[in-house]
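Before any comments, here is the structure.
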Amino acid sequence: MDLNLSDEQRLLRVSAERFVAESYDADHRRKMANDPLGFSPAVWKQFAELGWLALPISEDYGGLGGGTVDTGILMEAFGRGLVSEPYVATVVLGAALLDRCGSTAQKQASLPKIADGSLKLAFAHSERAARSDLAKVATVAHKTAQGWRLAGSKIAVLDGHAADQIIVSAHIHDHQGPSGRIGLFLVPAKTPSVVITDYERLGGGRACNIELSGVELPEDGLLGDGHDALPAIEWAVDRAMAALGAEAVGIMQTLLDTTLEYTKIRKQFGRPLSANQVIRHRLADMAMQVDEARSMALRAALKADSPPVERARAASGAKAKIGKCARFVGEQSIQLHGGMGVTEELEVGAYFKRLVAFDTLFGGSAHHYSRHAQLGRTA
């Protein structure tokens, strides 16, 4: 297997890292943290102009036909700058689910708009009682004469406050009663019966909780033909975990670089911190954890289109291992910066918070170690 990047992928990495370095400084991040939207529409427009929103979308619908490795390259650059734009919600999750489950007409209506930046999506699936079980959905969709009626609640919807449309998962109840199938429904965010309560996420960006009180949808509000969408949901979430793992690697690499530079200039007793052997050992351990995390993120990306069990094991293995590596690198960086590491004067604390948030998204390390083991017994 050739793990070297192609010329196009190297160019993507260079251009993404350059854009992030030039556009995302501490002042920009503080401004976005205090903005009710949580991100910059102007930057989102630049993403579209650069082709990043179209990257994983099929060429048949105005995209570039890129793969999960390409998305990972982009996400690692985003991690270096703590990018808060809703890329995962709209492109990695929303566009993927539309492409996987939607009809041809639904794809033609939405995917080109995602590619040009005029349509933002969110995926509402998590519920309070479900914890990390993707198959546990209490929200219901009743079949009516006019279409569908949705009722239920969702939590931790990434960037749902900024979405134009929300993909909502619900158990389908047809005229014979509960069908046992999970369906995906495209709900306009400004529907009167949809109540959105947004809040700031740890480490930047925003999420929301959604209440659905008898939301009326037309017949074509259901994505696709009504087949059980659980396999597609698991597939999309595994891809999202691979993308978020790459973002975490970018964050860890920045923390390592920042900490290494700090220990070279910070002096104690007339010597730089990096002159102490124990400090060098800790920096070496950080570097090893970053490299291990990068390998796991790449493996998850390469396995994204493998058979379900193989793909899921790679995604859970990466999520568990990267979560463990992220906590180690974040804690070491904070400690090696001393008391300054947790102040707002340095950005180390902001990067650490984003890593903590990564570990909780789509299930923590303990959950994914267990899932990985269960899938291994299944295989």
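Start at 1 with the first residue, then count along the sequence.
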By the rule that ILVMFWY residues connect when side-chain heavy atoms come within less than 4.5 angstrom, directly or transitively, which residues belong alongside V140?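 So far as hydrophobic clustering goes, V140 is joined with none.
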Can you list the other members of the hydrophobic cluster that holds I172, where links are side-chain heavy atoms under 4.5 angstrom apart?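 Traced through the cluster, I172 reaches W148, L150, V157, I166, V168, F185, V187, V194, I196, I210, L212, V215, L217, L222.
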R181 side chain vs G226 backbone, donor-acceptor pair below 3.5 Å: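 Side chain of R181 to backbone of G226, a donor-acceptor pair under 3.5 Å: yes, one is there.
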Who are the ring-ring contact (aromatic ring centres under 6.0 Å, His included) partners of H125, not counting sequence neighbours? F123
Output the distance between atom CG (L255) and atom CD (Q289), rounded to the nearest 0.5 Å.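 Reported value, rounded in 0.5 Å steps: 13.0 Å.
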Here the gap from C101 atom SG to K107 atom NZ, rounded to the nearest 0.5 Å, amounts to 9.0 Å
Side-chain atoms of residues 35-42: list all donor-acceptor pairs with protein atoms under 3.5 Å, sequence neighbours left out, distances to 0.1 Å.
unit_1	atom_1	unit_2	atom_2	d
D35	OD1	L37	N	2.7
S40	OG	A42	N	3.3
S40	OG	V43	N	3.2

Would you say [Y] and [X] are linked by a side-chain donor-acceptor pair, where the criterion is simply a distance under 3.5 Å?
X    : Y    : result
S333 : T259 : yes
H372 : S316 : no
D70  : Q9   : yes
E127 : S153 : no
K154 : S169 : yes

Distance-only donor-acceptor pairs under 3.5 Å for side chains of residues 90-100, two or more places apart:
unit_1	atom_1	unit_2	atom_2	d
T90	OG1	P86	O	3.3
T90	OG1	L121	N	3.2
T90	OG1	L121	O	3.2

Close aromatic pair by centroid cut-off 6.0 Å: F78 and F47: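 F78 vs F47: aromatic centres under 6.0 Å.
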Sidechain N-carboxylate O distance under 4.0 Å for [X], [Y]:
X    : Y    : answer
D285 : R282 : no
D238 : R371 : yes
K143 : D174 : no

Aromatic ring pairing H337/Y262, orientation class (parallel under 30°, perpendicular over 60°, tilted between): parallel
If a pair satisfies ring pair (Phe, Tyr, Trp, His ring centres under 6.0 Å) and one of its residues is in residues 222-249, list it, with sequence neighbours excluded.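 The answer is none; no pair qualifies.
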